[in-house]
There are 2 protein chains.
Amino acid sequence: MNGGAPAARRQTPDQRAALEARAWRGIRALVLDRYDRRKEVCDSLDMSFIRVKALRYLAEEPLTMRELAARLSTDAPYTTLVVGDLERRGLVARSAHPTDRRSKIVTATPDGVAAARRAEDILNEPPEPVLQLDSADIAALDRIVARLLGSGD
Amino acid sequence: MNGGAPAARRQTPDQRAALEARAWRGIRALVLDRYDRRKEVCDSLDMSFIRVKALRYLAEEPLTMRELAARLSTDAPYTTLVVGDLERRGLVARSAHPTDRRSKIVTATPDGVAAARRAEDILNEPPEPVLQLDSADIAALDRIVARLLGSGD
DNA sequence: CCCATTAGTTGTACGAGTGAAACATTTTCA
DNA sequence: TGAAAATGTTTCACTCGTACAACTAATGGG
């Protein structure tokens, strides 16, 4: 017995399922119920969240309208509207696609990059309880989260 | 040295901050980008997410309109609309308040409880990567998440 | 008792976001 | 070349959710 399992208290399948469910439920509660900062970001940048999302994608790399629409999982017409608004604010700029003249490339301006950065700072700031974890726990959490992200990618 | 700190590699303040930021960012990405099941729930129950939320609260315990409005962080008029819709579907029922005749108590019907349960099952089902964690990691994750939830409560 | 307050409802107005139709321009491919 | 498809835009209709005003009924304090 105790085959290839790593060092840990033995778990029955039921116990294990309970741990999985409780842990995931807790994670969801943390992100969605306790420390959802989306509203704060929208207030801070004075724009709807889909615009913030668009700006964050565009600050990372220029995208065509089509690509942006796909990432926002919305349709082309609404993307036109959102980009038009961001452009009017001077946060993004449309330019011609080098090889396909149907396409347009949307790029974040320096102001746009700065705004996206402000949004990221608010969204990614760890909440209080994370700051209060001890060194071992924060290291373990980081490692496990990386594993969760990695296996799905 | 190695004063009272629990067993773990030593971290400089900068390293620690980086761990905190990366871990929290990853957690947000998991919940919001990769495994957001809200749409799935809305499709499955054929109702908007605020109605699902209302139903889940009411399945837990009966609430007055006012209390429900507070939990949904919406206003009284919209709560009337949402509860009216749930009532028309036979998922909740309004009844008189025992002592305050202005108030109404909203209770989930058996059908409502069942629907809320279906929603919970979808929302709380741990995503693939969580299922693939080894015993030690899932136990550690559960413990740390509990700590994160506990210190903020 | 009278008046301010509270609970719930009705109605209206508005912004955000989704979806579809129609269109011009450009590209691709048979 | 000519038809089909892709890109982006404009317009319209619709749902969802928020916000506000006005109203009824009931409560509670002076």
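Quick note on labels: first sequence line is chain A, next is B, and so on, each numbered from 1.
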For nucleotides 6-19 of chain C, read 5' to 3', which letter fits each nucleotide if B means a protein heavy atom sits under 4.0 Å from the base, S means only the sugar-phosphate is that close, and - means neither? BSSBBB----SBBB

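A nucleotide of DNA chain D counts as in contact with chain B when one of its atoms lies under 4.0 Å from a heavy atom; the first and last such, 5' to 3', are D:dC16 to D:dT27.
Within the structure, the salt bridge (charged side-chain N to carboxylate O under 4.0 Å, His left out) test picks out the following pairs touching residues 62-72 of chain A (sequence neighbours left out): A:E61-A:R71.
A:L131 belongs to no multi-residue hydrophobic cluster, having no ILVMFWY side-chain contact under 4.5 Å with any other such residue.
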Residue pair A:R147, B:D134: steps toward the salt bridge (Lys or Arg N to Asp or Glu O under 4.0 Å) verdict: CA-CA 11 Å; A:R147 183 165 299 182; B:D134 63 42; 3.7 Å; yes

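Contact check for A:I27 versus B:I27: side-chain heavy atoms found under the 4.5 Å cut-off.
Note that OG of A:S135 and CZ of B:R16 are 5.5 Å apart. Values are rounded to the nearest 0.5 Å.
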Give every donor-acceptor pair under 3.5 Å between a side-chain atom in residues 81-94 of chain B and any protein atom, sequence neighbours left out.
| residue | atom | partner | partner atom | Å |
| --- | --- | --- | --- | --- |
| B:D85 | OD2 | B:R51 | NH1 | 2.7 |
| B:D85 | OD2 | B:R89 | NE | 3.4 |
| B:E87 | OE1 | B:R94 | NE | 3.2 |
| B:E87 | OE1 | B:R94 | NH2 | 3.4 |
| B:E87 | OE2 | B:R94 | N | 3.4 |
| B:R89 | NH1 | B:D46 | O | 2.9 |
| B:R89 | NH2 | B:D46 | O | 3.1 |

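Looking at residues two or more places apart in sequence or on another chain, you find a side chain to side chain donor-acceptor pair (under 3.5 Å) between B:N124 and B:E120.
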